[in-house]
Chemist: 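Take this structure, written in structure tokens, and hold onto it; I'll ask about it next.
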Amino acid sequence: LQKGVEQEVDFILLCGDLFDENKPSHATLHKAMELIRQYCMGDRGINFSVVSDQTTHFGGKFRRANYEDPNLNVAIPVFMIHGNHDDPTGAQHLSAVDLLSVCGLVNYFGKVEDFRSVDVSPILLEK
């Protein structure tokens, strides 16, 4: 994250397994949230846009990229999918990644609840 700020990247793409397990410790989750907030939130302008239908990519209540939310101040958007270590499980299909997403810290896409039927929908970005 620090290198991303130094290099003035447009966004960060996390390709799964941010955490070693589906239920990281409170300390681990706290540190992840602290670092994302420290390095990825702020006043810097966003130099790209999502041109595909965001409602097909981002689930939950907030169905758009976090940098478009007027209640958040995102400097470097983080886009991520879950991996096999941090996949959603249980009756409500939730994981630590869902918590990061609902807090507006990351843009969680590609969530799959039924692995017998997986639809792939690319996110199209334009700079």
Side-chain angles (χ1 to χ4, degrees):
L1 297 176
Q2 185 177 11
K3 282 287 187 196
V5 172
E6 292 169 5
Q7 297 294 318
E8 298 180 2
V9 300
D10 290 323
F11 60 88
I12 294 172
L13 179 63
L14 295 175
C15 298
D17 291 338
L18 176 62
F19 302 106
D20 290 2
E21 56 188 316
N22 179 272
K23 297 177 184 173
S25 70
H26 290 156
T28 300
L29 184 57
H30 181 272
K31 188 64 173 182
M33 296 172 87
E34 178 181 67
L35 290 170
I36 294 170
R37 181 173 174 182
Q38 177 182 351
Y39 289 106
C40 298
M41 305 304 272
D43 289 332
R44 197 181 97 178
I46 304 299
N47 298 316
F48 70 93
S49 61
V50 177
V51 295
S52 52
D53 180 6
Q54 294 187 43
T55 62
T56 63
H57 305 303
F58 307 118
K61 183 176 181 178
F62 308 104
R63 301 187 61 86
R64 62 180 177 215
N66 62 352
Y67 67 86
E68 292 186 357
D69 188 326
N71 297 312
L72 299 174
N73 203 9
V74 178
I76 302 175
V78 176
F79 292 89
M80 73 177 297
I81 61 172
H82 68 262
N84 63 326
H85 293 142
D86 48 21
D87 63 323
T89 60
Q92 294 179 314
H93 300 284
L94 295 173
S95 71
V97 178
D98 289 287
L99 296 177
L100 297 177
S101 178
V102 78
C103 291
L105 295 173
V106 302
N107 298 290
Y108 179 20
F109 66 98
K111 182 174 181 175
V112 176
E113 295 177 3
D114 182 0
F115 291 99
R116 295 172 293 183
S117 175
V118 177
D119 292 323
V120 177
S121 178
I123 295 179
L124 302 176
L125 306 174
E126 181 177 68
K127 183 159 176 157

Chemist: Carefully, step by step, assess Glu34 and Arg37 under the rule salt bridge (charged side-chain N to carboxylate O under 4.0 Å, His left out).
Modeler: CA-CA 5 Å; Glu34 178 181 67; Arg37 181 173 174 182; over 6 Å; no
Chemist: Please enumerate all residues that pass side chain to side chain donor-acceptor pair (under 3.5 Å) together with Thr28, with sequence neighbours excluded.
Modeler: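 For Thr28, the residues satisfying side chain to side chain donor-acceptor pair (under 3.5 Å) (neighbours in sequence not counted) are Ser25.
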Chemist: With hydrophobic residues grouped by side-chain heavy-atom distances under 4.5 Å, do Val5 and Leu105 end up in a single group?
Modeler: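 Looking at the clustering, Leu105 is in the same group as Val5.
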Chemist: State, to 0.1 Å, how close His57 and Ser52 come at their nearest heavy-atom pair, and which atoms those are.
Modeler: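 In terms of heavy atoms, the two residues are closest at NE2-OG, 2.8 Å.
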Chemist: Is the closest side-chain heavy-atom distance between Cys40 and Leu1 below 4.5 Å?
Modeler: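 The answer is yes; the side chains approach within 4.5 Å.
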Chemist: Are Val102 and Leu18 grouped together when hydrophobic residues (ILVMFWY) are joined by side-chain heavy atoms under 4.5 angstrom apart?
Modeler: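 As far as the 4.5 Å side-chain criterion goes, Leu18 and Val102 are not connected within one cluster.
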Chemist: Please step through side chain to side chain contact (heavy atoms under 4.5 Å, CB included) for the pair Phe11 and Ile46, ending with a clear verdict.
Modeler: CA-CA 9 Å; Phe11 60 88; Ile46 304 299; over 6 Å; no
Chemist: Honestly curious: do Val74 and Met33 fall in one hydrophobic cluster under the side-chain, below-4.5 Å linking rule?
Modeler: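 The answer is yes; both residues are in one hydrophobic cluster.
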Chemist: Using a 4.5 Å cut-off on heavy atoms from C-beta on, say whether the side chain of Leu100 contacts that of Tyr108.
Modeler: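 SC-SC contact between Tyr108 and Leu100 ruled out.
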Chemist: With distance as the sole test, does Asp98 use its side chain to make a donor-acceptor pair with the main-chain N or O of Ser95 at under 3.5 Å?
Modeler: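 At least one qualifying donor-acceptor pair exists.
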Chemist: Evaluate the side-chain proximity of Ile12 to Ile76: yes if any heavy-atom separation is below 4.5 Å, no if none is.
Modeler: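 With C-beta onward as the side chain, the pair touches.
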Chemist: Looking only at heavy atoms, which two atoms of Glu126 and Val51 are closest? And how far apart?
Modeler: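 In terms of heavy atoms, the two residues are closest at CB-CG1, 3.6 Å.
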Chemist: Are Leu124 and Ile81 grouped together when hydrophobic residues (ILVMFWY) are joined by side-chain heavy atoms under 4.5 angstrom apart?
Modeler: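 Looking at the clustering, Ile81 is in a separate group from Leu124.
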Chemist: Got Val78 and Leu14 here, is their nearest side-chain heavy-atom distance under 4.5 Å?
Modeler: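 The answer is yes; the side chains approach within 4.5 Å.
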Chemist: A side-chain contact here means heavy atoms from C-beta on lying under 4.5 Å apart; do Met80 and Leu13 qualify?
Modeler: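 No - every pair of side-chain heavy atoms lies 4.5 Å or more apart.
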Chemist: Take Phe48 and Tyr67 through the ring-ring contact (aromatic ring centres under 6.0 Å, His included) test and state the conclusion after the steps.
Modeler: CA-CA 10 Å; Phe48 70 93; Tyr67 67 86; 5.4 Å; yes
Chemist: Cluster question for you: counting only ILVMFWY and a side-chain heavy-atom cut-off of under 4.5 Å, with indirect links fine, are Phe109 and Phe62 together?
Modeler: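 Phe109 does not cluster with Phe62.
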Chemist: Quick one: are Ile123 and Phe58 in side-chain contact, heavy atoms under 4.5 Å?
Modeler: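 They are in contact (side-chain heavy atoms under 4.5 Å apart), so the answer is yes.
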Chemist: Under a 3.5 Å cutoff, is there a donor and acceptor pairing between the side chains of Glu68 and Gln54?
Modeler: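 Yes, Gln54 and Glu68 have a side-chain donor paired with an acceptor closer than 3.5 Å.
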Chemist: Does Asn107 use its side chain to pair, donor to acceptor, with the backbone of Asn66 at less than 3.5 Å?
Modeler: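 Here the side-chain-to-backbone pair exists.
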Chemist: Take atom CD in Glu8; do more than 12 heavy atoms of anything else shown fall under 6.0 Å from it?
Modeler: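 Count not over threshold, so no.
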Chemist: Does any non-hydrogen side-chain atom of Met41 lie less than 4.5 Å from one of Asn73?
Modeler: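 A side-chain contact under 4.5 Å is absent here.
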Chemist: Mind listing the closest non-hydrogen atom pair of Cys103 and Leu72 along with its distance?
Modeler: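 In this case the closest contact between Cys103 and Leu72 is O-CD2, 4.3 Å.
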